[in-house]
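Only one structure is covered here, and it is reproduced in the block below.
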Amino acid sequence: MGKTMTLERATAFGSAWNSGDPDLVTSFFTADGVYHASVGPDQLGKTYIGKEEIRRGVKAFFDRFPDGRFENLKVVVAGNIGTFEWDFIASSASGERVSTAGCDLLEFEGDMIAKKNAFRKARA
């Protein structure tokens, strides 16, 4: 029987987003994985397909929010799907600390991430 996603491994993937290491984050994705960022020109935000593009997208995220941290991570794994719920804390352009609530919809292939679709709450 093949590997399956566990709560522990999914939580480790969530924690990797606080590492600042795009290679670590990318290592959780399948070779043909998909990452839909929460913003961007595409219908589902900027879309990155394949490990090289995903790495580039994750690096761009880390470059944009060098002090950003995901907190209050709530992880659910149910077979080959899962969710993250989180608060993202980062400095604004003026230096003010800003908290944004959001979630990710996840699809798994074995113990790897096949798709991460990120959503966030925008304040008016």
*Do the ring planes of Phe13 and Trp17 sit parallel (below 30°), tilted (30 to 60°) or perpendicular (above 60°)?*
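Judged by the thresholds at 30° and 60°, the geometry between Phe13 and Trp17 is perpendicular.
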Could you state the interatomic distance from [atom1] ([X]) to [atom2] ([Y]), rounded to the nearest 0.5 Å?
X      : Y      : atom1 : atom2 : answer
Phe108 : Thr4   : CZ    : OG1   : 10.0 Å
Asn72  : Phe88  : CG    : CZ    : 13.5 Å
Ile81  : Glu107 : CD1   : CD    : 8.0 Å
Met5   : Glu109 : CE    : CD    : 10.5 Å
Ile113 : Tyr35  : CD1   : OH    : 13.0 Å

For [X], the rest of its hydrophobic cluster, which grows through side-chain links under 4.5 angstrom:
X      : result
Phe119 : Leu105
Val98  : none
Ile89  : none

Donor-acceptor pairs are to be reported for all side-chain atoms of residues 37-48 against protein atoms at under 3.5 Å, with residues two or more places apart or in another chain.
from: Asp42; atom 1: OD2; to: Thr47; atom 2: N; distance (Å): 2.9
from: Thr47; atom 1: OG1; to: His36; atom 2: ND1; distance (Å): 2.8
from: Thr47; atom 1: OG1; to: Gly45; atom 2: O; distance (Å): 3.4

*Evaluation steps, side chain to side chain contact (heavy atoms under 4.5 Å, CB included), between Leu7 and Val75*: CA-CA 7 Å; Leu7 181 62; Val75 181; 3.7 Å; yes
*Distance-only, no hydrogens or angles: does the Glu96 side chain make a donor-acceptor pair with backbone N or O of Ser92 under 3.5 Å?*
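The answer is no, because no donor-acceptor pair under 3.5 Å joins these two groups.
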*Is there a donor-acceptor pair under 3.5 Å between the side chain of Arg9 and the backbone N or O of Asp111?*
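Answer holds: yes.
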*Under 4.5 Å between side-chain heavy atoms, hopping through other hydrophobics if needed: is there a path connecting Phe62 to Phe65?*
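Looking at the clustering, Phe65 is in the same group as Phe62.
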*How far apart are the closest heavy atoms of Gly68 and Ala90, and which atoms are they?*
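Smallest heavy-atom distance, with atoms named: CA-CB, 3.9 Å.
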*Identify the heavy atoms of Ser15 and Leu73 that sit nearest to each other, and give their distance.*
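Reported closest heavy-atom pair: N-CD2, 4.4 Å.
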Pair up each side-chain donor or acceptor in residues 22-34 with any protein partner under 3.5 Å, not counting sequence neighbours, and list the distances.
from: Asp23; atom 1: OD1; to: Arg55; atom 2: NE; distance (Å): 2.7
from: Thr26; atom 1: OG1; to: Pro22; atom 2: O; distance (Å): 2.7
from: Ser27; atom 1: OG; to: Leu24; atom 2: O; distance (Å): 2.6
from: Thr30; atom 1: OG1; to: Asp32; atom 2: OD1; distance (Å): 3.1
from: Thr30; atom 1: OG1; to: Gly33; atom 2: N; distance (Å): 3.1

*What residue pairs, at least two apart or across chains, pass salt bridge (charged side-chain N to carboxylate O under 4.0 Å, His left out) with a residue in residues 65-87?*
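Output for this query lists Asp67-Arg97.
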*Compute the centroid of each ring, for Phe84 and then for Phe70, and state whether the two points are separated by less than 6.0 Å.*
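Ring-ring flag for Phe84/Phe70: false, centres at least 6.0 Å apart.
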*Can you tell me if NZ on Lys51 sees more than 12 non-hydrogen neighbours from other groups inside 6.0 Å?*
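For Lys51, atom NZ is crowded (more than 12 foreign heavy atoms under 6.0 Å).
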